[in-house]
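These notes are about the structure you will find just below.
Since we're looking at a predicted model, the values are computed, not measured. Keep in mind that the numbers below use all heavy atoms, side chains included, and drop hydrogens, waters and symmetry copies.
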Amino acid sequence: MLNKVIWLLAGRWVYNIITLISFFIIINEIGQISYGIYAIAAVFLIFVDMFFVDGIEAAIIRQKGNRDNVVKMALLVVMICSALLTFLIVILAFLWREIYDSNEVFYVVLSISSLVLFYGINSVFRGCLIRDHNTKSVSTIQSLACLVGALSGIYSAQHGGEYWSLIIQQGVFIFISCISLAFSSQIKWKSCVDYSVFKEIFRFVKYSFFTTVLNVFTNRLDVLIIGSVFGLAQAGIYAFAKRIVQIVQDIFASAFDKVLVSMMRVSECSKKEKRAYELAVFGQSALLFPAFIGLAFLSDGFLSLFFNNIWDESAVFLSCMIVGGIFRAMVTLERAVQVTSGAIRTILKVRVQELLVALLLFSPVYLSENISPLYIAVIFSVRQLFGYLLVIKSHSSDKFFANLNHVKQLVTIPFIATMIMMLSIVLLSYFLNQESWYNLVLITVFSGTAYSLVMWFSKSRWLEQYFGKGDA
């Protein structure tokens, strides 16, 4: 498992570091309103990507049977779903134009509809390679595709492309990734066909569609509300902070859920499944906690040094979203367990509960004129905490506190190390101004060292527990 985690993590890190760098460059070339336009329209891009990853890709990874037949049946499902989704997005583009009174939003949504099929095909062949445990090819291809897409987006932004630069970046990436993954999969198209697999995949995808609708609508509701109530500029500022949280989550927490699904699918006993789960939770928290807490306490210096001053307002939003970012990442592992067991109805039920919680928490925005966008940033963290607790409870109501206690034991060491790191940041920031490159690097290095030392001195405990090794 460790080798596969390393390759997937390496691939995701390269992908997200490239994305982060290109984001730094592009966002400094466009304005708040331009990014607000993209953020409002991007709800459809996020939906398409998440639907095919959680539906098609996950179905291929977990589906037993002949590999080539599974891929062919998945492609058939993708063709059907892509046609329906494209038509739906085109219809909704007209609604979005009316809600936000913006032709720009309308045209960006229409452009996203043209990418649907490519996202679907990409998920099929990516799922095929992950199923084959060929994570090296997946990581290499997507990293290279991301680089070409990033360069295309940067070129467009520097030549006045505004919000279209971000669409161009995504379009170039998904086209290159889709074609390259297809060639790497080496499917035998003349192999036998078993249509019973089509039914199983379609059933899985059907439930995934509803869970994805609920997931995306619930998680993007804040951006959509800010855009409709406070305007596209404010939506751009808020979405900018949320994007930073997402990138940090992707760099430090992604891939663990995909590897967990893959390993649990081939595990021969529950003991191995439990060990894989425990290692994933510990490994994720060991990266996740210091990354987010460090971001929270260094956000002022980080934003002032890397971005134009028009984005300085995002710092307060960013700090309010940190807790939500942590729980949003942690819940992915819990859902991975449910995906592996085929508990799609349970996931759907929890999604409905999350939506109801979100609607309840957002209702004051329309009931009071004194609510500010900052309230929505705080609610982001509250919602993610509620969502995590609801997922834990959905595993087994009788074992709710036992499951929470199990997770607490798994993350205790990274949590303690992170608290010590946080104290070192606070102390150093008292004497050093974060808005200096030298000081920011100094604070980061010293606080990172403090975290590493705690993890090092406690290694005898976690090496033995998760890797079966002692001090030797």
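Using a 4.5 Å heavy-atom threshold, the side chains of Gln249 and Phe292 count as touching. Within the 4.5 Å cutoff, the side chain of Val411 has heavy atoms near those of the Val281 side chain.
Relative ring orientation between Phe240 and Phe23 is described as parallel, the plane-to-plane angle staying below 30° on a 0-90° scale split at 30° and 60°. Below 30°, between 30° and 60°, or above 60°: for Tyr238 and Phe317 the angle between ring planes is above 60°, a perpendicular geometry.
Qualifying side-chain hydrogen bond (donor to acceptor under 3.5 Å, both in side chains) partners for Ser22, counting only residues two or more places apart in sequence or in other chains: Gln169. Every side-chain hydrogen bond (donor to acceptor under 3.5 Å, both in side chains) that Asn134 has, sequence neighbours left out, goes to Ser137. Considering only residues two or more places apart in sequence or on other chains, Ser34 meets the side-chain hydrogen bond (donor to acceptor under 3.5 Å, both in side chains) condition with Glu162. A search for side-chain hydrogen bond (donor to acceptor under 3.5 Å, both in side chains) contacts involving Ser184 returns nothing, not counting sequence neighbours.
Taking the centre of each ring, Tyr38 and Trp164 stay at or above the 6.0 Å mark.
A donor-acceptor pair under 3.5 Å links the side-chain atoms of Ser114 to the main chain of Ser111, judged by distance alone. Of the possible donor and acceptor atoms, one in the side chain of Ser314 sits under 3.5 Å from a partner among the backbone N and O of Ile237. The closest donor-acceptor contact from the side chain of Asp49 to the backbone of Leu45 lies at 3.5 Å or more, if one exists at all. Checking side-chain atoms of Arg131 against main-chain N and O of Ile60 turns up a donor-acceptor pair under 3.5 Å.
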For residues 75-86, which side-chain N or O atoms pair as donor and acceptor with protein atoms under 3.5 Å away, sequence neighbours left out?
residue, atom, partner, partner atom, Å
Ser82, OG, Val78, O, 2.8
Thr86, OG1, Ser82, O, 2.7

Would you check, one step at a time, whether the test side chain to side chain contact (heavy atoms under 4.5 Å, CB included) holds for Phe302 with Phe297?
CA-CA 10 Å; Phe302 172 73; Phe297 284 86; over 6 Å; no
Should Gln384 and Asn219 be marked as a side chain to side chain donor-acceptor pair (under 3.5 Å) after you check the CA-CA gap, both sets of side-chain angles, and the distance that decides it?
CA-CA 9 Å; Gln384 302 306 325; Asn219 285 315; 3.2 Å; yes
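No side-chain donor-acceptor contact under 3.5 Å links Ser208 and Asp54.
Of the candidates Thr346, Thr218, Asn215, Thr211, Arg351 forms a side chain to side chain donor-acceptor pair (under 3.5 Å) with just one, namely Asn215.
Among residue pairs with one or both ends in residues 214-223, those qualifying as salt bridge (charged side-chain N to carboxylate O under 4.0 Å, His left out) are Asp222-Lys242, Asp222-Arg383; sequence neighbours excluded.
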